[in-house]
Amino acid sequence: MTDERLAELAESLAEVRARLEVACRAAGRAASEVTLVAISKTWPAADILRLVSLGLTDFGESYDREAATKAAALDAAGAAVRWHYVGRLQRNKCRSVASYASVVQSVDRLEVAVALAAGAARAGRELGVLVQVSLDPVPAEPGSARGGCPPDEALALASRVSALQGLTVCGVMAVAPRAGGARAAFARLREVSEALRVEHPGADIVSAGMSGDLEEAIAEGATHVRVGTALFGARGADG
């Protein structure tokens, strides 16, 4: 590890944590209520190890092959990491994802949940899952990287997923619309989350907000924010 890169990451992490503190204070919340998930896709395992040394434990990945390689490297290094899979899932990747992820944030179709449950059973693991909700005015096209089920279908999907062995519905996830209006969109996600908790009281995770809109997400009750660019730098796409 180079001290220069470690110093860069330490500075970025301090800045992000300061933003979280300010946003939580403005929302009348404690900073301890919000988990920072570092979106490490496209970044090397060495950077993840640096952030682990700085106290981070939660990391998000979007591409299975890359994520599986990093998970093996971090395990070999003895690093305690909680992996969040945040990319749109394909059924043929679910068995692999179930072997290393602690939380799969991008469950938006029952067929994916069924494949994850089979993968979890094969690996002898329990997975936490979030129902990904689309906040876009127009549903994503099949095969689009922007997944998510319509808000009015989220509760039915959660009920069907919760019946699968090996999976626990832990809450909801969403990405702000490309067209803007993040605060209003996250308010809609809050409504979905509140309705979900009526039937699933333990499903209290609300994963929303990234580098550019984490303040709006925290104002609307996000418990997890997914930050890539603000931590690692501008190379690659933000999570």
Side-chain angles (χ1 to χ4, degrees), residues 1-63 66-67 70-71 74 79-87 101-103 105-106 130 132 135 170-178 180-183 185-187 189-190 193 204-239:
M1 296 183 185
T2 64
D3 288 342
E4 182 178 352
R5 180 57 173 161
L6 181 61
E8 288 176 358
L9 290 171
E11 182 178 359
S12 296
L13 178 58
E15 290 172 355
V16 170
R17 282 177 167 159
R19 286 177 63 188
L20 292 177
E21 289 275 358
V22 170
C24 287
R25 194 178 309 121
R29 303 175 60 193
S32 59
E33 296 177 24
V34 180
T35 297
L36 173 60
V37 180
I39 301 301
S40 48
K41 65 183 184 184
T42 79
W43 295 95
D47 277 353
I48 300 174
L49 283 170
R50 291 181 175 99
L51 285 172
V52 169
S53 76
L54 294 170
L56 280 190
T57 56
D58 291 75
F59 294 84
E61 293 283 335
S62 295
Y63 310 113
E66 177 186 352
K70 290 178 182 176
L74 271 288
V81 170
R82 181 174 169 86
W83 295 105
H84 298 248
Y85 193 84
V86 299
S102 295
V103 181
Q105 295 201 13
S106 49
L130 306 185
Q132 184 175 353
L135 301 177
C170 297
V172 294
M173 183 271 262
V175 180
R178 284 198 176 106
R183 180 69 185 268
F186 293 147
L189 184 67
R190 180 200 282 265
S193 172
D204 54 3
I205 291 178
V206 180
S207 176
M210 300 192 294
S211 293
D213 54 23
L214 64 86
E215 287 84 1
E216 290 92 334
I218 289 171
E220 293 298 337
T223 64
H224 290 59
V225 294
R226 309 179 306 274
V227 178
T229 298
L231 278 174
F232 292 96
R235 180 170 68 82
D238 192 3

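- Considering every non-hydrogen atom in both L135 and A185, the closest pair reads CD1-O, 3.5 Å.
- Taking 4.5 Å as the limit, some side-chain heavy atom of V103 sits within range of a side-chain heavy atom of R82.
- Of the possible donor and acceptor atoms, none in the side chain of Y63 sits under 3.5 Å from a partner among the backbone N and O of K41.
- Atom CG of L20 and atom CD of E15 lie 12.0 Å apart (nearest 0.5 Å).
- In plain terms, the two heavy atoms of R226 and V86 that are nearest each other are CD-CG1, 4.1 Å.
- When all heavy atoms of A217 and A208 are compared, the closest pair comes out as CB-O, 3.3 Å.
- Taking both residues in full, the closest heavy atoms of A222 and V34 are given as O-CG2, 3.7 Å, listed atom of the first, atom of the second, then distance.
- Separating the CZ atom in R19 from the SG atom in C24 is a distance of 12.0 Å, to the nearest 0.5 Å.
- No side-chain heavy atom of L9 sits less than 4.5 Å from a side-chain heavy atom of L231.
- Between the S106 side chain and the G87 main chain, a donor and an acceptor come within less than 3.5 Å of each other.
- With contacts defined as side-chain heavy-atom distances shorter than 4.5 Å, the pair V81/L74 qualifies.
- A distance-only check finds a donor-acceptor pair linking the side chain of R29 to the backbone of I218 [under 3.5 Å].
- Checked options H84, Q105, Q132, H224; the residue passing with S207 is Q105 (criterion: side chain to side chain donor-acceptor pair (under 3.5 Å)).
- To the nearest 0.5 Å, atom CZ of residue F232 and atom OG of residue S12 are 9.5 Å apart.
- When side chains are defined from C-beta on, L54 does not count as touching L56, because their heavy atoms never get closer than 4.5 Å.
- Considering all non-hydrogen atoms of both residues, A27 and A219 come closest at CB-CA, 4.1 Å.
- Minimum interatomic distance between G60 and V37 (heavy atoms only, all atoms of both residues): N-CG1, 3.7 Å.
- Counting only N and O atoms by type, the side chains of S40 and E61 include a donor and acceptor under 3.5 Å apart.
- Annotation: side chain of I39 is not in contact with side chain of V227 (no heavy-atom distance under 4.5 Å).
- At distances below 3.5 Å, at least one donor-acceptor pair connects side-chain atoms of D213 with backbone N or O atoms of M210.
- Rounded to the nearest 0.5 Å, atoms CG (L49) and CG (L6) are 11.0 Å apart.
- The closest side-chain heavy-atom distance from I205 to T35 is not below 4.5 Å.
- At a threshold of 4.0 Å, the pair E220-R183 counts as salt-bridged, since one of the basic side-chain nitrogens sits closer than that to a carboxylate oxygen.
- Residues D58 and L36 fail the side-chain proximity criterion, which asks for heavy atoms closer than 4.5 Å.
- Look at E66 and K70 and you find a salt bridge, because one of the NZ, NE, NH1 or NH2 atoms lies within 4.0 Å of a carboxylate O, short of that distance.
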